[in-house]
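For reference, positions follow the sequence shown, starting with 1. Every number for a ligand or one of its atoms is a count from 1 in the order of the listing. Side chains are part of it too, since the values below use all heavy atoms of this structure and drop only hydrogens, waters and symmetry mates. All values derive from a computational prediction rather than experimental measurement.
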Amino acid sequence: MGVPPTRPADRAFARPRRRLLAAAAATIALLAVGAGVLVGLSTPAPRPADAPEGEFSAGRAFRNVEVIAAEPHVAGSAANDRVREHLVGTLRGLGLETEVQDAVAPEAGQLSGAAGGATLARVRNVVARLPGTDPTGKVFLVSHYDSVQAGPGGNDDAAGTAMILEVARALTTGPRPRNDIVFVLTDAEEACLCGAAGFAADHPLAREGGVVLNLEARGSTGPVIMFETSRNNAKLVEIFGKAAPHPVGTSFAVEIYRALPNDTDFTAFLDREFVGLNSAYIDGGAIYHTPLDVPARMDRGSLQMHGDNALGLAREFGRTDLGDLRAGHDDTYFPVLGGLVRYPGWLTLPLAVAALLAVGALGWLLRRRGRATAGTLAAGFGLTLVPVVAAPLGAWLLWAAITTIRPGYAELLDPYRPVWYRLAVVALSAAVLFCWYALLRRRVGPAALAFGGLAWLAVFGVLLAVAVPGGAYLTTVPALAGALAGFAALATRRDGPWPVVAVTLAAAVAVVILLPPVVLLFPALGMGMGAVAALVAVLLGLAVLPVVDLLHPRAGGQRGLLALRARRLGALPAAAAALAAVVLAGVGLAVDRFDAAHPVPTHLMYALDAGTGKAAWLTREEKPQPWTGGYVDGKVSIADDFPGLGATELRGGPATAAPLPAPKLELLSDTRTGDQRVLRVRVVPQRQVRLLTLHVDTGTATVRSASVAGRVVPVEPGEGKWGFGVVFHAPPPEGVEVTLTVEPRGGAVSVRAMDASDGLSAVPGFRARPEGVGVVGSHSSEMLAVARTYPL
Ligand SMILES: [Zn+2]
């Protein structure tokens with residue numbers, strides 16, 4: 001047995017020791033770059049309460065977090081009144097003109113979006129103004145001070161609210177800004193974004209628009225991400241990159257967020273042609289909207305990062321000429337090692353096409369130099385689809401297996417301690433890629449496989465440039481860098497160090513571009529959509545294939561036993577990654593158990609028909625947890641009994657009727673003209689409630705027009721028996737007046753009124769949750785609804 005003769009140029013690299021050295025050097029370089037990426041995404045140390053007065057201090061802001069989030073304070077509650085008084089007192093104490101906007105406001109966007117019907121709320125926004133010295137416009141700092149009904153909103157959004165108090169304090173200590181700064185602490189964001197909508201539509205200070213900085217928290221930790229902008233954002237992004245001390249933001253997030261059904265107050269401002277930026281920290285999503293969203297769970301590093309950026313941006317927008325912030329285009333931008341890189345969006349498609357042409361040229365060159373054939377290039381391209389499909393599929397199957405073992409994860413946005421599962425998905429993606437590579441590199445060849453990876457990155461770049469332009473940089477830039485490295489490698493001596501240097505540099509570019517989305521997509525989408533992060537991880541793997549190749553013995557050349565040894569060595573990375581995936585998933589299951597501090601979330605509601613005395617337990621859980629299973633069994637239709645709940649079918653079970661009154665319906669006037677009746681009614685809650693709903697049986701009358709608390713609402717017919725409905729959040733104790741112009745179908749007009757409060761502990765038959773069982777983060781957890789039909 002002997003080693004067949006190799007060409008002199010190949011010989012040097014064929015030496016295992018030099019190859020090992022090259023592999024080690026490239027790997028260490030990439031690990032260093034990866035560590036740099038993670039440092040760039042990390043949060044700063046929180047500054048203490050005695051930090052200089054011109055700075056943002058998380059220590060000072062946190063004192064306000066503790067006051068604001070002392071207890072749940074849903075819009076309309078006495079607790080929310082107390083929070084509002086604290087805010088007004090604090091802002092007035094800073095010498096700011098402060099007032100409360102008390103109004104009835106519709107939800108943001110079209111007045112028909114909510115499932116239960118047109119939605120409004122009584123809101124009380126706290127608005128304070130720091131007048132500028134020579135204003136060119138207004139800068140609005142916005143956060144919502146209300147919490148969900150189930151939890152105190154320690155992060156969501158006591159963080160944003162306390163930040164605004166601290167930013168206002170810092171701004172009033174220094175020289176006055178040139179532009180007006182307006183602090184807007186909105187009400188009823190959780191219910192319907194109604195506070196922000198009411199401010200943007202009706203408040204005198206909002207009349208001429210301006211720049212909005214919306215401050216949110218959807219979780220408890222992690223870097224602050226600037227994830228949404230108004231359109232034509234180039235100038236805004238330029239200022240963000242310059243003025244935010246920790247500018248983590250990507251145009252890809254803007255695209256993802258537009259595709260998700262989420263909304264914040266920012267939406268209400270975008271509807272009214274404001275410009276601006278929306279930022280939040282989003283990791284630690286397990287506590288989102290739950291009773292566990294308490295101040296103690298807040299990562300004060302995230303608060304510091306958020307506040308640093310808010311203060312930096314407020315100062316910069318405070319001195320910028322706000323006359324022309326609307327550039328003619330969107331920017332592509334992404335974080336690079338603590339900074340922000342950006343280029344105009346109109347470069348996206350030309351760059352993507354350039355990358356595609358460059359990769360095509362590389363393929364042609366590889367063929368000419370005899371590194372690949374037309375056949376292997378085609379095979380490399382076609383077979384690259386295998387890991388692109390297999391890794392996300394594997395991630396999905398892994399999570400399906402984990403949720404089968406631990407069904408409680410179904411109702412969680414993300415596990416309490418998700419890091420092990422995230423690493424397992426990354427390891428699984430690596431295992432898929434390494435396995436695929438080990439199987440193919442002898443048959444197809446390293447050059448053709450590297451070409452296949454780059455070709456798909458380039459193709460994705462073009463597809464993204466057309467469909468999701470803000471995300472095209474993710475694959476275009478690594479493809480371009482890879483192609484250029486390929487040219488450099490082919491232009492230098494094959495046995496010299498330069499090919500390794502070139503492919504390592506290109507791989508470093510890919511790590512810088514693609515590692516942040518892998519890290520940020522996990523908290524953004526949750527483990528249930530870990531497949532998306534797996535896809536990006538595989539794209540990163542494809543971009544670094546030439547470095548992966550260094551981990552394998554040189555392709556070709558060996559025969560017999562040597563070849564067998566080489567093949568065994570080639571299987572090592574795949575085996576190691578697969579083992580890591582299994583171990584990490586196991587560690588996740590062992591570490592992230594449910595207990596008193598990390599309870600399994602459950603959802604329960606109680607609904608009573610005060611007219612018939614019929615009551616039911618209801619849950620939104622698809623597969624009820626054991627605790628919930630004690631109340632509900634099969635699916636029940638609620639469309640006819642509780643149209644105000646905004647669902648047609650839930651899981652339900654029989655309940656004892658509680659002695660609770662339905663809202664009263666007072667007929668104030670009833671005038672008939674022709675075949676129309678104008679019914680003026682007042683819906684009056686008979687207990688402390690969070691919302692009121694009113695529905696008309698469109699089988700008994702057609703609703704021609706309607707107004708609620710003096711506001712006209714749309715009357716497009718909805719589905720089912722109760723074809724017209726309105727939802728009113730935070731109703732005043734004296735009730736809400738509704739005027740209906742209807743065409744009756746002969747008999748009485750059938751109207752159904754419902755109200756809802758929160759908390760089930762007083763309901764007959766309710767048993768307190770045992771330790772380790774908690775409340776799901778939702779807007780309807782623990783809701784107690786009482787309804788009744790009135791003939792008019
Ligand atoms: Zn919220």
2.8 Å shell around the Zn ion (ligand 1), exclusive bound, protein N/O/S atoms: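 Atoms of protein N, O or S type lying less than 2.8 Å from the Zn ion (ligand 1) total 4.
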
Are F266 and Y257 an aromatic pair, judged by ring center distance below 6.0 Å?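 For Y257 and F266, the ring centres are not under 6.0 Å apart.
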
Would you call [X] and [Y] a salt bridge, taking side-chain N to carboxylate O under 4.0 Å as the test?
X	Y	result
R84	D102	no
E85	R82	no
D202	R711	yes

Got a list of side-chain donor-acceptor pairs under 3.5 Å for residues 772-787, not counting sequence neighbours?
| unit_1 | atom_1 | unit_2 | atom_2 | d |
| --- | --- | --- | --- | --- |
| S778 | OG | S780 | N | 3.0 |
| S778 | OG | S780 | OG | 3.4 |
| S778 | OG | S781 | N | 3.1 |
| S778 | OG | S781 | OG | 3.0 |
| H779 | NE2 | E190 | O | 3.3 |
| H779 | NE2 | E190 | OE1 | 3.1 |
| S780 | OG | H603 | NE2 | 2.9 |
| S780 | OG | R620 | NE | 3.0 |
| S781 | OG | V776 | O | 2.7 |
| E782 | OE1 | R769 | NH1 | 3.1 |
| E782 | OE2 | R769 | NH1 | 3.2 |
| E782 | OE2 | R769 | NH2 | 2.8 |

What are the two closest heavy atoms between I287 and G219, and how far apart are they?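 Nearest pair, atom of I287 first, then G219: CD1-O, 4.2 Å.
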
